[in-house]
Amino acid sequence: MRRFSHVRLLGVVVLLLSLLAQQPSANSLAKPALLPVPVPEVEWNDVWQNAHDVSDDCNWSSISVCEITGDLSTGSDLDWYKISVRPATTLAISLTDTFGDYQVALFYDLGQPITQTGHVSLGNLNAIGNLNAIGNLNAIGNLNAIGNLNAIGNLNAIGNLNAIGNLNAIGANGYSDASINSFVWTPGFYYLLVYPLDDDQSGDYQLAIEAAFDPNLTKPAPIPFNIVQNEPPACKRALYITHSDYLDIHQTFAPYNTSIYTELLGFSDNINDPNTNGLVIDLANIPWIQPSNALSDASTEWNAHRTNPFYANRLAEGVHHLITQYARRCPMLRYITIVGGDTVVPFYRVPDETVIANESDYLASSKIDPNSFTASSLKYKTILTDNIYGAIKPIPYRGRQLWVPELSVGRLVESSAAIHLYLKKLNIYTGFQSQSAIILGPTLQDSSLVTGYDFLTDQAQMVSNTLTMLTGLRPIGLINDSWNATDLLQTWLPNIANNTSKSPYPAQSINAHFTHYQAIPANFATSSDVVSASILYNHPFATLENAYQIRRLGYSVGCHSGFSVADSDVVSGSDAAIDFPQAYIKQHGTWVGNTGFGYGDSDLVGYSEKLMAQFTNEIGREWKNLSGLYEGMPVGYGLVRAKRAYLREGTPGTFSVYDEKVLLQSTLYGMPMVRVKVPNPIPFPPNDRQDDGCLTCSPNVAQRATVTDQAIDRDLSFNISYTIAQNTSRGKIISAQATVVNDTEGLLTGRTFNSTMVNAAGLPSLPNFNIPLSLTDSFGEQRLQGVQLLGGTTATTATFNPLVTRLITDEIYLTHEPSFDFADRWYPDQPFSYSVFESDNLDDNGPFNQDRRFSQLLLTPTQFKGTANGGELRQFSSITLRLKYLSDGADDDLLNDSFEPIVRDTQRTSDGKIRAMVIERDDDGPGDEIEAEMLVKTSTGVWQSISMNTFQVGTTERWQISASLPTTAAQPLQLMIQVEDEAGNVGVETYGGRFDIDYEMYLPNVNVNR
């Protein structure tokens, strides 16, 4: 992260201006005329398949703004529109002049659903398409979906959709108007849905759509190729991927008289080390695919269109397809090494939808030639990532894919000579695992280094504490706000000018502001008060014997600390050519850094800080071989585990494009199978089998439940205690402990879990629990289908001031705490959810041949109702939940049913009854039987469960449910309704966090100004 300046945000106006400032410049965008006559809506357009196609009228080549007039005739009317969008377009959509309280949602092409290759539920991640979570940034803390994050799932029911992964955005609401400002990366058809929030809303509206784009930007078709069936390649544990047309892998280097290709073959032929034993893939010619030159031709086209990021992505997607197809044939695959920089095998470009510190902001100060291909990735607002090469099963997200790696990926940059020397050094080891290992501790000669200042101080202290635990030795530290460039240079790179010197630190956690070529110290006064990557790069004796970073690991949260920039792409004569990735590779080290802006939190360890703190933890895991002996964590797999843990530990509704960026941009430079060994390794967490050290071993089954073709119930009861962990000037931070007093499966009874913190910009920091929920039978791990509340007890504190998260980078520094003024609803509206991860085990042999699953309970047992100066806090002291599992041996009709029942049109009648309509369906139409109950808070604070009567309306997918309120119901009314189907899918309705039904309501949604 850079620290040249702090931009003080003074409120919503400045935030909106920053949003507008990120729109592509008028010089590069098409600015045709305004459509003179509004387009009238054409009925019948109540389902997306019959959407009113306004593509011809809204032709962005000839107009800049398309206006549509429409009418919602009833409170159940829906209006769908279809538009055609060019690549990398910024859409500004406004819904105005409404006669009712309406909303608008934007979907990626619903006729082209994102492929979802498994049952993946990330705490309702796919149901929060508008998180942007501060992406729309009408105001930090003024989130569009606060208190109603799960209710967006109701959109499934509106148009009979099962495509929430295609949801791009939902409008930010005023009382009746709504707006969307979205950077749409993928070209094609998009769908707009206008719908009323309540059943009593109807009338006219105006819909305006403005598009800004580069008319010269095009997207090529995917690369067509297949693996030749009769020539399968040899199965290896590692792939080395390069391109001889753009990296001279055949040149021999004196005095060794070997080439990069020779050294790679040395690894591929090393049968004594299965982790380096690999296959060299030269994209210039791959004889075992058809056509053999498919990827080579794509590289040529990318070279001819270097300023168009879609050509880079086409090639990267082709390589990803090659890796996944190879992995299907060779399930032992674990490691991917990209040999060469972005010009050889490109990073994948993912649209950067962040508003704070968008990648386009870096171009002006980066000293990168604005006409270079590297600059194009910044110009078109993209994040560079290697995650795509390790992601076997991407997750549908915001109309594209969320790339979360399963395979370990490393990259070698940048010059042929440096890469050759790096490989040569590793290849001469007689025992790669032992002689290349990075050994932390336990002697003073093995001390680590940790730096930090400003908002990075708490993260640096956490990393230091973890390293102390792992090694028994406190790291050398520069953790304060006073150290300068000289201090950093002399501590981080001592004796750097000495020809025979090496770094004294096996681990170097350099937490500071960065550019790609400079590290910025705490005490930064002038532009010369920096430590340049060139100082390390130019260490004068980088040989096989004495490279400065041999068997050393460096890592950073710093902005662009891992941005690999081609030397030829910097402005001529500048000092910005040498970046930290290439400096570490030349000095035979391993480096992990961000390809873009890093993020943190002013008071908590969050975002990039959290990921690198988790990485420190993961490299210390007790990785064992098949003989049960500790051998050290492969550094690439440590990063994979850290990223997956980061994603797993989120709470419902908190995952945003900022979290996506954190996961994408942290990049490993070096060989991913190099191991890190510590004196005091940490055991793997209980039931954490998805990413266990031995990927080829059968799961360590703790319990085998009986195989049944019906959903299986598992009840968990918790007692929860709270303490004030920290009382800051801005608010209180609560910690909690949850003890399992009963688990009907007997697995967790008596276990106590410590809370982590909800850490999402603009949201209160509340305690959160992430509890593994694995349950297996003879078919493998069962599917967790849903979670429902059976009961609990809450107490309310009338006045409470929580700490509200501030998102911080070196570009933006918030001087004030974001406002969280939602006095009419509780956050989170649903204090329990779950996440399910599937990771392809790639192996079709043996009894555990299904994809490895990791199921986890997400429990946030406190809820906050905010005002400008504080608010109310509600805490569960006890809670009982029912988990619904389904065996892979169950009936196919149940296994194929992924639709959660939807509660609509709830009424509180004068005779004290609650009535509602439920939509229940499956792939074949109307679903089967349902069960419904309402949870009502009583005057004693107990949440009482009451069964509801159910009645199917004919043979349709609709059900009527009803029940009487208890006489002990607390006032004002607080309730939620839960509906379960036979497959174990559970729909939960909390009424936007209000829990109060005083009127008929349709599709609850947050309206921040109502």
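The structure displayed is predicted, hence computed values, not measured ones.
Under the 4.5 Å side-chain criterion, counting only non-hydrogen atoms from C-beta, V531 is in contact with L493. Looking at I419 and S415, their side chains never come closer than 4.5 Å, going by heavy atoms from C-beta outward. With a 4.5 Å cut-off on side-chain heavy atoms, L604 and S765 count as touching. No side-chain heavy atom of S564 sits under 4.5 Å from any side-chain heavy atom of H516. You'll find the side chain of I724 reaches within 4.5 Å of the side chain of I734, heavy atoms only. Using a 4.5 Å cut-off on side-chain heavy atoms (C-beta onward), N387 and V404 make no contact. Counting heavy atoms from C-beta on, the side chains of M469 and I682 come closer than 4.5 Å. Residues L440 and D446 are not in side-chain contact: their nearest non-hydrogen atoms beyond the backbone lie 4.5 Å or more apart.
Side-chain atoms of K643 come within 3.5 Å of backbone N or O of S666 as a donor-acceptor pair. Under a 3.5 Å cut-off, the side chain of D601 and the backbone N or O of G606 do not form any donor-acceptor pair. The main-chain N or O of N484 is found under 3.5 Å from a side-chain atom of D487 such that the two form a donor-acceptor pair. With S408 contributing its side chain and Y637 its backbone, the two residues share a donor-acceptor pair below 3.5 Å. With hydrogens and angles disregarded, a donor-acceptor distance shorter than 3.5 Å links the side chain of Q582 to the backbone of D579. Y555 contributes no side-chain N or O that, together with a main-chain N or O of T590, makes up a donor-acceptor pair within less than 3.5 Å. Distance alone, capped at 3.5 Å, places no donor-acceptor pair between the T466 side chain and the T616 backbone. With hydrogens and angles ignored, the 3.5 Å screen pairs no side-chain donor or acceptor of T491 with any backbone N or O of L488. Although no hydrogens or angles enter the test, the distance criterion places no donor-acceptor pair under 3.5 Å between the side chain of S534 and the main chain of Y537. S561 places a side-chain N or O within 3.5 Å of a backbone atom of N594 that can act as its donor or acceptor partner.
Residue N511 holds its CG atom at 9.5 Å from OG1 of T457, rounded to the nearest 0.5 Å. Distance check, rounded to the nearest 0.5 Å: OH of Y599 to CD1 of I808 gives 13.0 Å. Of the inter-residue distances, the one linking L478 atom CG with Q490 atom CD reads 10.5 Å to the nearest 0.5 angstrom. To the nearest 0.5 Å, atoms OG (S532) and CD1 (I578) are separated by 10.5 Å. Between the OH atom of Y429 and the OG atom of S436 there is a distance of 6.5 Å, given to the nearest 0.5 Å. Taken to the nearest 0.5 Å, the CG atom of N427 stands 9.5 Å off from the CG atom of D269.
Ring geometry for Y607 against Y658 counts as perpendicular: the plane angle is over 60°, on a 0 to 90° scale with 30° as the lower cut. Ring planes of H539 and Y548: perpendicular class, angle over 60° (limits at 30 and 60°).
Remark: R641 is not positioned above the aromatic ring of F684, lacking an NZ or CZ atom under 6.0 angstrom from the ring centre and at most 45 degrees off the axis. Under a cutoff of 6.0 Å and an axis angle of 45°, K661 and F597 do not form a cation-pi pair.
Checking S755 against S735 by side-chain atom types alone, no donor-acceptor pair falls below 3.5 Å. Residues E545 and T543 have side chains that bring a donor and an acceptor to within less than 3.5 angstrom of each other. A donor and an acceptor atom, one from each side chain of T739 and T752, are located under 3.5 Å apart. With hydrogens and angles left out, the side-chain atoms of R474 and S464 include a donor and acceptor closer than 3.5 Å.
The minimum heavy-atom distance between I510 and S556, with the atom names listed, is O-OG, 2.6 Å. Between S447 and L473 the shortest heavy-atom distance is OG-CD2, 3.2 Å. The minimum heavy-atom distance linking I585 with L412 is given by the pair CD1-CD2, 4.1 Å. Of all heavy-atom pairs spanning M673 and A238, the tightest one is CE-CB, 4.1 Å. Residue Q665 comes nearest to S608 through the heavy atom pair NE2-OG, 4.2 Å, listed as atom of the first residue, atom of the second, then distance. Between T258 and H420, the closest heavy-atom pair is OG1-NE2, 2.7 Å.
Residues Y505 and W492 keep their aromatic ring centres 6.0 Å or farther apart. The ring of Y630 has its center no closer than 6.0 angstrom to the ring center of W623. Note: Y584 and W591 meet the aromatic proximity criterion, with ring centroids under 6.0 Å apart.
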- Message: Using the rule given for ring pair (Phe, Tyr, Trp, His ring centres under 6.0 Å), can you reason through Y517 versus F580, listing the C-alpha separation, both sets of side-chain angles and the distance that settles it, and then say yes or no?
- Response: CA-CA 6 Å; Y517 61 99; F580 284 96; 8.7 Å; no
- Message: Could you go through H560 and T515, starting from their C-alpha distance and side-chain angles, then the distance that decides it, and tell me whether this counts as side chain to side chain contact (heavy atoms under 4.5 Å, CB included)?
- Response: CA-CA 5 Å; H560 301 98; T515 65; 5.7 Å; no
- Task: Test side chain to side chain contact (heavy atoms under 4.5 Å, CB included) on L384 and F563 and set out the steps.
- Result: CA-CA 8 Å; L384 300 184; F563 190 25; 3.4 Å; yes
- Query: Given L859 and N768, is the side chain to side chain contact (heavy atoms under 4.5 Å, CB included) satisfied, shown in steps?
  - Reply: CA-CA 6 Å; L859 178 61; N768 172 60; 5.6 Å; no
- Residues L647, L663; criterion side chain to side chain contact (heavy atoms under 4.5 Å, CB included); working and verdict: CA-CA 8 Å; L647 188 57; L663 291 176; 4.1 Å; yes
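Remark: of the listed residues K502, Q508, Q587, Q508 is the sole one forming a side-chain hydrogen bond (donor to acceptor under 3.5 Å, both in side chains) with Q549. Here the options are T276, L423, I338, the test is side chain to side chain contact (heavy atoms under 4.5 Å, CB included), and the partner is Y240; only T276 passes.
Taking the charged nitrogens against the carboxylate oxygens, K624 and E631 have no contact shorter than 4.0 Å, which rules out a salt bridge.
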